[in-house]
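Have a look at the structure below before the remarks.
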2 protein chains.
Amino acid sequence: MEKLNETFAALSHETRRAILARLKQGEARLSDLTIPFDISQTAVSKHVRVLSDADLVIVEQRGRVRYCRLNAEPMKAVTEWLKDYQNFWPEQIDAATLFFGADGD
Amino acid sequence: MEKLNETFAALSHETRRAILARLKQGEARLSDLTIPFDISQTAVSKHVRVLSDADLVIVEQRGRVRYCRLNAEPMKAVTEWLKDYQNFWPEQIDAATLFFGADGD
DNA sequence: CGCATTGTCAACCAACTGGTTAAGTGATAG
DNA sequence: CTATCACTTAACCAGTTGGTTGACAATGCG
């Protein structure tokens with residue numbers, strides 16, 4: 001229930017969405033995530049903490065390295081929540097077009 | 001771009017999602033929105049402000065009354081963003097089942 | 001062992017959030 | 001015109017967020 005709060009809040013930051021986007025390409029070390037962002041490792045660590053608290057990222061420690069991977073499962077609840085608002089989209093485009101692509105995105 | 005930040009942030013509060021849910025049933029005065037929530041009118045006013053800043057609610061003043069109505073349009077961008085993560089859902093259920101219902105909603 | 005690598009924790013900070021109460025504004029009913 | 005209704009604005013407050021730096025812990029290489 002209030003899980004949605006956490007998920008939405010976690011997704012409401014550019015850097016965290018960028019981290020998730022990066023993780024779509026596969027596992028990454030925490031230190032790998034630090035490089036592209038112009039913030040300290042501590043800051044990245046905090047963002048990853050927020051994401052893992054929200055279950056959007058799973059952190060696994062192997063040796064001295066933390067490996068992060070994506071867990072998109074909580075996004076299901078968000079998608080379900082959004083579903084209830086599709087009827088209220090302004091020009092009621094075919095949802096299938098958006099979700100599955102008409103003929104290329 | 002950073003619009004998504006605002007949308008996600010606006011959606012990350014229970015009360016604001018409840019306001020949106022209420023507005024699915026149609027237009028409401030600001031004072032109508034205050035009643036079901038155990039907070040002051042000022043607090044509701046602030047929540048509505050956040051929602052209207054995020055373009056999720058359109059406030060129209062007629063006489064001395066502010067009427068609020070839902071604008072689900074920004075949710076399209078959220079849905080599009082989420083679309084890129086469907087492939088990463090754990091047990092890859094058929095998206096059509098979730099979005100359009102298996103046999104009625 | 002000794003030391004670099006990888007990351008956390010603690011303390012601090014400024015800015016934002018979500019709530020309050022009290023005062024102010026502006027439209028309408030009488 | 002005055003009072004009331006429907007809000008907003010202002011001031012305040014505690015707690016959270018997002019960032020910093022510096023010290024610490026744990027792993028693994030040589």
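First the proteins, then the strands, lettered A, B, ... as listed; each starts at 1.
- Atoms OH (B:Tyr67) and P (D:dC7) sit 8 Å apart, rounded to a whole Å.
- Aromatic ring pairs are classed by plane angle as parallel below 30°, tilted from 30° to 60° and perpendicular above 60°; the pair B:His47 and B:His13 is tilted.
- In this structure, A:Arg66 places its CZ atom 12 Å from C1' of C:dC9, rounding to the nearest Å.
- Relative orientation of the A:Phe8 and B:Phe8 rings is tilted, given thresholds of 30° and 60° on the angle between their planes.
- Spacing between atom CD1 of A:Ile39 and atom C1' of D:dT17 amounts to 13 Å, rounded to whole angstrom units.
- Residue B:Gln61 is classed as having no contact, given no heavy-atom separation below 4.0 Å to the nucleic acid.
- Nucleic acid contact class of A:Arg16 (heavy atoms, under 4.0 Å, all strands): sugar-phosphate only.
- Between A:Glu14 and A:Arg16 there is no salt bridge, since no side-chain nitrogen of the basic residue lies less than 4.0 Å from a carboxylate oxygen of the acidic one.
- The separation between B:Arg62 atom CZ and D:dA6 atom C1' is 14 Å, rounded to whole Å.
- Within 4.0 Å of B:Thr15, counting heavy atoms only, lies no atom of the nucleic acid at all.
- Summary of the strand contacts: A:Ser45 and B:Val50 both lie near DNA chain C, and taking for each the nucleotide with the nearest heavy atom, the more 5' one is attributed to A:Ser45.
- At whole-Å resolution of the value, CZ in A:Arg64 and C1' in D:dA25 are 13 Å apart.
- Rounding to whole angstrom units, CD of residue A:Gln41 and P of D:dA23 are separated by 17 Å.
- Among the atoms of the strands shown, base atoms are found under 4.0 Å from some heavy atom of A:Ser40.
- Ion pairing between A:Glu27 and A:Arg62 holds under the 4.0 Å rule for side-chain N and carboxylate O.
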